[in-house]
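Take a look at the structure below.
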Amino acid sequence: MKTEIVTVAPAGDADKVIFQRAGEILRAGGLVVFPTETVYGLGANALDPAAAEKIFAAKGRPGDNPLIVHVADPKDAEAFAVATPVYYQLAERFMPGPLTVILDKKPVVPSTVTGGLDTVAVRCPAHPVARALIRTAGIPVAAPSANLSGSPSPTSAAHAAADLCGRVDMILDGGECAIGVESTVIRLTEDGCVLLRPGEILPRELASVVKHVHVSPAVLDPGAAGEHPASPGMKYRHYAPRTKLVLVDATSDEFAAFVKGQQGACGVLAYTEDLDRFADRQVMDLGAREDPAAQMHNLFRVLREADHMQVPVIYAPLPPKTDEYLALYNRIIRAAGCEVLKGRS
Ligand code: AMP
Ligand code: MG
């Protein structure tokens with residue numbers, strides 16, 4: 001399949017024509033990659049089982065890993081999901097934005113989209129290109145991240161093209177994603193919500209709308225998913241560079257000493273302040289130590305570029321488990337396949 005790659009800005013007459021063509025591709029059952037504020041998405045008509053099927057084929061995604069359905073307006077979810085008062089309270093505060101809410105599904109949603117579950121994930125993205133596309137298409141758009149299953153999520157059109165060129169009809173290039181990690185995913189409960197996947201929206205922010213926020217044990221420990229993982233996508237080794245990545249649980253002095261002590265070639269992911277300490281190694285900048293937003297923005301790009309280092313192993317510091325770093329911890333621990341070494345002597 002020939003993939004058309006088109007640069008878009010949200011306004012302007014020329015772009016109107018592009019959105020109409022992209023919307024037409026979606027309505028006809030095709031695949032369109034588009035930017036969101038979190039990562040790039042691989043979109044298809046969420047109400048067309050054959051179109052949704054194509055997403056799984058293009059990504060090599062396991063069939064039991066459900067898709068998030070994107071809408072231009074929170075109330076558009078009513079066409080296919082049971083929207084509760086709490087959903088609307090959350091929408092009021094966080095949508096459009098990087099929050100995904102799991103709701104009971106209506107029969108119109110094909111089971112391909114929900115991985116056979118009786119719930120459906122709903123998100124209303126803030127990115128102007130995503131919004132223009134969904135609005136022009138006039139249908140709910142199922143869209144997982146636009147990467148091959150298992151590899152780091154794409155935060156630029158070039159990343160998406162590297163994985164999916166020849167597998168999708170169109171890629172809309174809207175520049176780099178501002179946030180850089182995927183949306184916060186929650187399931188509503190009687191007295192609050194369960195955080196299934198951490199993102200830019202933090203537990204304490206959710207707690208300003210719902211009473212209790214329970215962090216699923218699988219967020220910090222992929223092995224803790226139990227017999228029925230609450231969010232199937234979180235059970236896979238994920239986001240991983242091809243090169244082996246190992247996390248080191250250490251202070252910055254201990255991490256520097258640990259790397260110094262390595263005999264063979266290795267790559268290093270380090271905080272900006274520490275880059276000088278690894279001048280004799282191949283090193284990449286994760287962002288400033290106290291700047292989780294910068295680290296989230298950089299993480300997936302750095303994980304992709306790390307493969308160019310041509311080293312047998314890459315070491316990175318284990319992030320803290322505090323709220324602000326929850327999304328980073330959650331992604332990098334999966335990228336490392338849970339390999340964590342103690343860096344203390
Ligand atoms: P992705 O679109 O690749 O960023 O992944 C979507 C995430 O949302 C995965 O972790 C899915 O497991 C999760 N998800 C989607 N639908 C549901 C659902 N109905 N229940 C629980 N988790 C879901
Ligand atoms: Mg994904």
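Everything quoted here is computed from the prediction, not taken from an experiment. Whatever order the structure lists ligands and atoms in, that order sets their numbers, starting from 1. FYI, side chains are in, hydrogens and waters are out, and symmetry mates aren't considered; it's all heavy atoms of this structure.
Remark: the Arg242 side chain and the Ser151 side chain contain no N/O donor-acceptor pair separated by less than 3.5 Å. Between the side chains of Ser153 and Glu182, at least one donor N or O sits under 3.5 Å from an acceptor N or O. Checking Ser216 against Arg187 by side-chain atom types alone, no donor-acceptor pair falls below 3.5 Å. Asp253 and Thr251 share no side-chain donor-acceptor pair at under 3.5 Å. The closest side-chain donor-acceptor pair between Thr119 and Asp104, if any, does not fall under 3.5 angstrom. Between the side chains of Thr100 and Ser183, at least one donor N or O sits under 3.5 Å from an acceptor N or O.
Close contacts between ligand 1 and Ser145 involve ligand atoms 1 (P), 2 (O), 3 (O) [criterion: under 4.0 Å to a heavy atom]. Interface atoms of ligand 1 facing Ile68, defined by a heavy-atom separation under 4.0 Å, are 6 (C), 8 (O). Listed by number with element, the atoms of ligand 1 under 4.0 Å from a non-hydrogen atom of Asn65 are 9 (C), 11 (C), 12 (O). Shown in contact with Leu117 at under 4.0 Å from a heavy atom are these atoms of ligand 1, numbered in order with element: 18 (C), 19 (N), 20 (N).
Proximity of Thr119 to ligand 1, defined as any heavy-atom pair under 4.0 Å, is shared by backbone and side chain alike. Residue contacts with ligand 1 for Thr114 are absent, since no atom lies close enough (heavy atoms, distance under 4.0 Å). Contact annotation for Arg61 and ligand 1: only side-chain heavy atoms (C-beta onward) come within less than 4.0 Å of the ligand. At a heavy-atom cutoff of 4.0 Å, ligand 1 is contacted by the side chain of Arg197 but not by its backbone.
Ring planes of Phe258 and Tyr315: perpendicular class, angle over 60° (limits at 30 and 60°).
Any protein N/O/S atom under 2.8 Å from the Mg ion (ligand 2) was counted, giving 1 altogether.
Heavy-atom minimum distance, Leu133 versus Gly23: CD1-N, 4.0 Å.
In the displayed structure, Lys75 atom NZ is contacted under 6.0 Å by at most 12 heavy atoms of other residues, nucleotides or ligands.
A centroid separation of 6.0 Å or more is found between the aromatic rings of Tyr40 and Phe34.
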